[in-house]
Amino acid sequence: MKIASWNVNSLKVRIPHLTQWLADARPDVVALQETKLEDTKFPVDELAAAGYQAVYAGQKTYNGVAILARNDTGLAFEDVVTDIPGLDDPQRRILAATIGGVRVVDLYVVNGKAVGDEKYAYKLHWLERVKDFLAEEIQRHPKLVVLGDFNIAPDDRDVYDPVSWGEEVLCSPPERAALKAIKELGLHDSFRLFEQGDGHYSWWDYRQGAFRRNMGLRIDLILLGDTLKSSARGAAIDREPRRWERPSDHTPVTVDLDID
DNA sequence: ATGGTGGATAGTCCA
């Protein structure tokens with residue numbers, strides 16, 4: 001089973017990119033973030049034509065998450081969750097579904113704007129509530145994958161210039177501690193099971209030719225529970241769609257699991 | 001240079 005995560009930064013704009021990439025990469029499951037679409041406007045037909053079914057939790061203009069599953073796997077979505085228990089939040093940032101016995105939790109983590117901003121405080125609070133939710137999910141579902149745009153670079157290897165980034169938002173110690181606490185539930189960064197080096201990024205700012213100069217961050221993650229960690233056969237960042245015309249500022253990340 | 005690029009939307013907000 002090949003699982004992917006991609007922040008598309010507007011699914012309306014990126015439908016051609018997504019369908020091209022689905023045809024090229026043939027993932028079984030794809031978690032999307034920043035769809036920026038109300039559910040009534042979700043491109044169900046275009047994705048069905050591409051061979052994928054979807055569940056989605058969207059809103060106008062901002063946020064929005066979706067999970068796609070390839071139709072020819074014959075798998076259905078079960079136990080769909082669109083809200084964090086105990087967090088009354090109109091922002092559509094979480095979507096969980098079970099597909100073929102694998103529990104998939106798609107996250108679009110709060111950006112936080114800047115350390116000290118009220119959005120930063122909301123980010124840390126949101127991550128606390130997510131951790132509590134995941135603590136329950138990991139008990140309920142041994143085959144757990146938690147993936148998405150975490151808006152946190154796990155450590156300095158994941159940052160193109162850690163000195164200038166310093167302790168700014170996306171790199172600050174409290175954010176990294178919140179991610180570490182989530183990992184300590186028993187979730188493993190799939191990319192780091194296979195690659196220890198620096199210079200591997202999943203997001204590059206649109207400005208100042210950041211992609212061309214590889215000035216990026218690795219903030220899109222696929223975390224695997226212990227059971228799925230044992231099944232992992234590879235993990236990758238596919239930089240190709242970032243080179244295309246009118247790209248998302250994020251590129252897809254993938255993991256290959258030796259199951260089914 | 002307090003900028004810069006891009007999306008949604010229609011004067012800004014968000015990333």
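Each chain gets a letter, A, B and so on, in the order its sequence line appears, and its residues count up from 1.
Residue A:Lys41 contributes atom NZ, which lies 17 Å from atom P of B:dG7 at whole-angstrom precision. Counting to the nearest Å, the P atom of B:dC14 and the OH atom of A:Tyr108 are 11 Å from each other. With rounding to whole Å, A:His250 atom NE2 is found 12 Å from B:dC14 atom C1'. Per the geometry, NZ belonging to A:Lys113 stands 8 Å off C1' belonging to B:dC13, to the nearest Å. Rounded to an integer number of Å, the gap from CG of A:Asn9 to C1' of B:dC13 is 13 Å. A:Asp117 has its CG atom 13 Å from the P atom of B:dC13, to the nearest Å. Separating the NZ atom of A:Lys12 from the C1' atom of B:dG6 is a distance of 15 Å, rounded to the nearest angstrom. In this structure, A:Phe150 atom CZ and B:dA15 atom P are separated by 17 Å, rounded to whole Å.
By the 6.0 Å contact criterion, CD on A:Glu118 is open, its count of non-hydrogen atoms from other residues, nucleotides or ligands being 12 or less. No more than 12 heavy-atom neighbours from other residues, nucleotides or ligands sit within 6.0 angstrom of NZ on A:Lys113. No more than 12 heavy atoms of other residues, nucleotides or ligands shown are found within 6.0 angstrom of NZ on A:Lys229.
Among B:dG4, B:dA15, B:dG7, the nucleotide with an atom closest to any side-chain atom of A:Lys36 is B:dG7. Checking B:dG4, B:dA8, B:dG7 against every side-chain atom of A:Thr61, the shortest atom distance belongs to B:dA8.
Between A:Lys143 and A:Asp226 there is no salt bridge, since none of the side-chain N atoms of the basic residue sits less than 4.0 Å from a carboxylate O of the acidic one. Ion pairing between a basic and an acidic side chain is recognised when a charged N comes within 4.0 Å of a carboxylate O; A:Arg218 and A:Asp189 show such pairing.
Comparing A:Gly112 and A:Asp205 by the nucleotide of DNA chain B whose heavy atom lies nearest to each, the residue mapping closer to the 5' end is A:Asp205. Residue whose closest nucleotide on DNA chain B sits further toward the 5' end, between A:Asn151 and A:Ser10: A:Ser10.
B:dT12 and B:dG3: their P atoms are spaced 15 Å apart (whole Å).
Taking side-chain N and O atoms only, A:Arg14 has a distance below 4.0 Å to OP1 or OP2 of B:dG7. In terms of phosphate contacts, A:Lys60 brings no side-chain nitrogen or oxygen within less than 4.0 Å of OP1 or OP2 of B:dA8.
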